[in-house]
Participant: 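Let me begin by handing over the structure; questions about it come next.
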Amino acid sequence: MNEVGPDFGAVGGAGDLRAIVGALLTYALIVAVLMLVVSAATWAIASNSGSWHTAQRAKVGCLVAIGGAALTGAALAWANWLLDIGAHL
């Protein structure tokens with residue numbers, strides 16, 4: 001008896017997709033780290049000069065940059081997990 005099922009080997013390109021996702025997430029991580037550096041420098045300068053409103057905005061920028069870096073790392077781990085699960089289906 002001949003069983004009918006999906007041919008998961010017919011769809012290729014998982015390696016290319018992994019490389020593209022890795023490159024995009026690397027750029028996102030670089031941007032997040034650069035924004036953290038800029039926000040931290042702005043926070044330090046604004047706090048020293050007495051501009052408390054700008055210092056508060058820079059502090060929020062630091063937190064957003066840290067959150068973006070964490071989400072970027074989590075997205076890379078999630079994408080790799082999904083690609084590994086897809087290969088085993």
Side-chain angles (χ1 to χ4, degrees):
M1 187 162 152
N2 202 1
E3 291 191 29
V4 177
D7 184 12
F8 290 108
V11 179
D16 294 336
L17 182 62
R18 188 183 304 264
I20 291 170
V21 168
L24 289 174
L25 291 176
T26 300
Y27 287 131
L29 186 60
I30 289 170
V31 168
V33 169
L34 287 175
M35 288 311 301
L36 179 63
V37 169
V38 169
S39 294
T42 304
W43 185 5
I45 292 169
S47 292
N48 191 29
S49 66
S51 179
W52 300 112
H53 182 69
T54 305
Q56 181 64 31
R57 293 290 181 177
K59 188 187 308 184
V60 170
C62 285
L63 294 175
V64 168
I66 290 170
L71 286 176
T72 300
L76 179 61
W78 185 54
N80 285 333
W81 178 74
L82 287 176
L83 286 170
D84 288 338
I85 291 294
H88 295 293
L89 288 177

Participant: Where is the tightest heavy-atom contact between S47 and A55, given as atom of each residue plus distance?
Facilitator: OG-CB, 3.6 Å

Participant: Rounded to the nearest 0.5 Å, what separation is found between the CG atom of L24 and the CD1 atom of I20?
Facilitator: 7.5 Å

Participant: Which atom names give the shortest non-hydrogen contact between A32 and G68, and what distance separates them?
Facilitator: CB-C, 4.4 Å

Participant: Membership question, hydrophobic clusters at under 4.5 Å side-chain separation (ILVMFWY): are I85 and W78 in the same one?
Facilitator: yes

Participant: So, for T26 and G22, which heavy atoms are closest and what is the spacing to 0.1 Å?
Facilitator: OG1-O, 2.6 Å

Participant: Between CZ of R57 and CH2 of W43, what distance do you get to the nearest 0.5 Å?
Facilitator: 14.5 Å

Participant: Please round to the nearest 0.5 Å and tell me the distance separating atom CD1 of I45 and atom OG1 of T42.
Facilitator: 6.0 Å

Participant: Could you measure the distance from the CD1 atom of I66 to the CG atom of L71? Nearest 0.5 Å is fine.
Facilitator: 12.0 Å

Participant: So, for L25 and A75, which heavy atoms are closest and what is the spacing to 0.1 Å?
Facilitator: CD1-C, 3.8 Å

Participant: Rounded to the nearest 0.5 Å, what separates atom CD in Q56 from atom NZ in K59?
Facilitator: 4.5 Å

